[in-house]
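Data first, discussion second: the structure below is written as structure tokens.
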2 protein chains.
Amino acid sequence: MAEALTSEAILVATEEVLRRYGPAKATVVDVAKALGVSHGSVYRHFATKAALREAVTRRWLDAQHAAMEPAFDQGLTAAEMLRIWLQKLFDRKKHSHVEEPELFATYLVLVRESRAIPEFHIEHLVGQLARIISAGVETHEFVTDDVNATAQAVWDATDRFHHPAHAQEWGDPHIQDAFDAVVSLIIAGLRYNRSPSAAGDA
Amino acid sequence: MAEALTSEAILVATEEVLRRYGPAKATVVDVAKALGVSHGSVYRHFATKAALREAVTRRWLDAQHAAMEPAFDQGLTAAEMLRIWLQKLFDRKKHSHVEEPELFATYLVLVRESRAIPEFHIEHLVGQLARIISAGVETHEFVTDDVNATAQAVWDATDRFHHPAHAQEWGDPHIQDAFDAVVSLIIAGLRYNRSPSAAGDA
DNA sequence: GGACTGACAGATTTCACTATCTGTCAGTCC
DNA sequence: GGACTGACAGATAGTGAAATCTGTCAGTCC
């Protein structure tokens with residue numbers, strides 16, 4: 001008899017099975033086979049197949065969050081930090097999609113399966129944006145009376161460069177120019193923004 | 001024998017068949033049946049099923065372009081015109097998606113089928129944006145050294161509010177707030193924008 | 001006695017088979 | 001003689017029986 005079966009070992013095996021067979025073909029039986037146990041044992045640790053896949057997704061998103069944690073470098077302006085953060089997010093997504101399209105598609109399916117997870121994931125990243133904008137407001141580099149709403153607006157305005165629905169556009173040779181133009185427009189806006197409710201356009 | 005079969009009559013019948021059966025079920029035989037002719041006759045006017053559907057799509061997009069033509073009202077600032085135009089586009093799309101989801105889905109499938117058409121459609125709308133921004137530059141309300149690139153940036157930054165991939169989010173009760181926040185941010189940026197290449201963030 | 005197995009019922013997926021559809025064209029009909 | 005038909009071949013989609021999968025649980029094995 002080998003070591004006792006752990007949830008951790010099941011998650012690792014499930015990731016491997018998903019990587020090899022893809023989300024449509026990966027079965028609980030496959031996972032059990034990879035671990036050399038019966039599939040009944042897997043159900044001892046995860047109540048349903050959905051719960052198992054959700055756990056894998058959560059694990060993967062946690063790693064994404066950690067990688068995106070912004071560095072508050074003293075030598076950088078908030079605008080520079082914001083541009084670097086958005087570029088990093090874009091580069092990571094683009095690289096993942098271009099270099100490993102199947103794995104990207106697999107995790108896209110997993111993320112879409114869960115209702116609550118994507119929302120939490122986005123809130124986390126928008127929170128990171130809010131911290132950068134907040135730093136800019138403190139140095140009077142940016143103007144806004146609602147940091148969170150503005151962070152959400154920056155997130156929404158850059159949707160094309162992080163939302164997986166637009167992934168196919170990321171191969172376009174001019175996509176970096178489009179990204180730069182949008183980010184420049186946003187940064188210009190942050191220097192001179194008013195809240196939506198107080199906004200008189202004239 | 002009825003009137004001679006015209007391309008126009010075939011297009012009208014095809015629209016009706018698409019509306020009733022949806023894009024997956026609508027066949028050339030159905031169209032011919034609706035017109036009381038054999039399906040061979042339809043092929044006399046359109047070389048392939050794809051060409052027929054493309055003609056229907058082109059017809060529909062032309063109507064969309066016409067409806068979005070901006071009004072250069074003397075009493076409005078460029079910012080007001082821009083906000084009105086973007087709101088109109090958003091309202092039209094949202095209304096279409098919420099009120100007639102099946103028809104919206106049908107035309108979404110049709111648009112995706114053709115390679116060249118969507119590109120032309122977007123260029124047309126970005127051109128309308130460019131004219132509004134150009135008007136703002138002339139009155140020194142907006143600052144930019146590349147009107148077309150900036151128009152494209154405004155289009156990209158508002159993707160979430162016109163790209164059909166985001167249609168499901170348009171039912172969110174807070175979507176109008178998100179829209180207002182993004183548009184305010186963009187308009188603030190247009191007042192103080194620099195080109196991507198000349199942009200020093202510090 | 002608690003981790004694990006394997007047989008099982010119901011749900012889902014697969015696959016071979018059949019229907020229908022697309023596109024062609026020789027022939028018909030004013 | 002030109003618009004139209006309808007039978008046809010190859011391609012595509014629908015269908016239903018068989019195989020597989022999910023989730024359960026009584027029983028096995030240290």
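Proteins get letters first, then strands, A, B, ... in listed order; numbering begins at 1 in each.
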* To do: Could you check how far OH of A:Y43 sits from C1' of C:dG2, rounded to whole Å?
  =>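 It is 21 Å, rounded to the nearest whole Å.
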* Just how far, in rounded Å, is C1' of C:dG23 from CG of B:L52? ->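 To the nearest whole Å, that distance equals 13 Å.
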* Closest-nucleotide ordering on DNA chain C, the 5'-leading residue of A:H39 and A:H45 ->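 Final value for this comparison: A:H45.
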* Find which nucleotide of DNA chain C each of A:G40 and B:A50 is nearest to by heavy atoms, and output the residue with the more 5' nucleotide. =>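 In this pair, the answer is A:G40.
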* Residues from residues 8-38 of chain B sitting under 4.0 Å of DNA chain C, heavy atoms only? ->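 When residues 8-38 of chain B is checked for heavy atoms under 4.0 Å from DNA chain C, the hits, listed by number, are B:T27, B:V28, B:V29.
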* OP1 or OP2 of D:dC4 under 4.0 Å from side-chain N/O of B:R44 ->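 So the side chain of B:R44 is outside the cut-off, no N or O lying under 4.0 Å from OP1 or OP2 of D:dC4.
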* Considering just the side-chain nitrogens and oxygens of A:S41, establish if one lies under 4.0 Å of OP1 or OP2 belonging to C:dT5. =>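 Answer is yes, contact under 4.0 Å.
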* Asked: Will you find, in the side chains of B:D180 and B:Q176, an N or O donor that is under 3.5 Å from an N or O acceptor?
  ->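 B:Q176 and B:D180 do have a side-chain donor-acceptor pair below 3.5 Å.
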* Asked: Looking only at side chains, do A:H97 and A:H166 share a donor and an acceptor under 3.5 Å apart?
  ->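 Side-chain D/A pair, A:H97 to A:H166: absent.
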* Asked: Glycosidic conformation of C:dA19, syn or anti, with 90° from 0 as the boundary?
  ->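 Classified syn.
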* Stems involving DNA chain C, each a run of at least 3 consecutive Watson-Crick or G-U pairs under 3.5 Å ->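 When the pairs of DNA chain C are grouped into runs of at least three, the stems are C:1-18 with D:13-30, C:20-30 with D:1-11.
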* **Of all pairs that satisfy salt bridge (Lys or Arg N to Asp or Glu O under 4.0 Å), the ones with a partner from residues 147-158 of chain B, not counting sequence neighbours** =>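 Every salt bridge (Lys or Arg N to Asp or Glu O under 4.0 Å) pair that includes a residue of residues 147-158 of chain B, provided the two are not neighbours, is A:R160-B:D156.
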* To do: Keeping to residues at least two apart or across chains, list the salt bridge (Lys or Arg N to Asp or Glu O under 4.0 Å) pairs with something in residues 10-28 of chain B.
  =>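 Every salt bridge (Lys or Arg N to Asp or Glu O under 4.0 Å) pair that includes a residue of residues 10-28 of chain B, provided the two are not neighbours, is B:E15-B:R59.
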* Working to the nearest 0.5 Å, report the span between CZ of B:F90 and CZ of B:R83. =>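 Reported value, rounded in 0.5 Å steps: 13.0 Å.
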* Asked: Within a reach of under 6.0 Å around CD of B:E102, are more than 12 heavy atoms found that belong to other residues, nucleotides or ligands?
  ->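 Atom CD in B:E102 is not crowded, with 12 or fewer foreign heavy atoms closer than 6.0 Å.
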* Asked: Are more than 12 heavy atoms from other residues, nucleotides or ligands located less than 6.0 Å from atom CZ of B:F72?
  ->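 Yes, because the 6.0 Å sphere around CZ of B:F72 holds more than 12 heavy atoms from other groups.
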* To do: Scan residues 27-41 of chain B for pairs that pass side-chain hydrogen bond (donor to acceptor under 3.5 Å, both in side chains), counting only residues two or more places apart or in two chains.
  =>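 Sorted pair list: B:T27-B:D30.
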* **Of all pairs that satisfy side-chain hydrogen bond (donor to acceptor under 3.5 Å, both in side chains), the ones with a partner from residues 110-123 of chain B, not counting sequence neighbours** =>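 Only B:R53-B:E113, B:H65-B:H121 qualify under side-chain hydrogen bond (donor to acceptor under 3.5 Å, both in side chains).
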* Minimum-distance nucleotide (side-chain atoms of B:K49 versus D:dG23, C:dT22, D:dC4) ->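 My answer, after comparing the listed nucleotides, is C:dT22.
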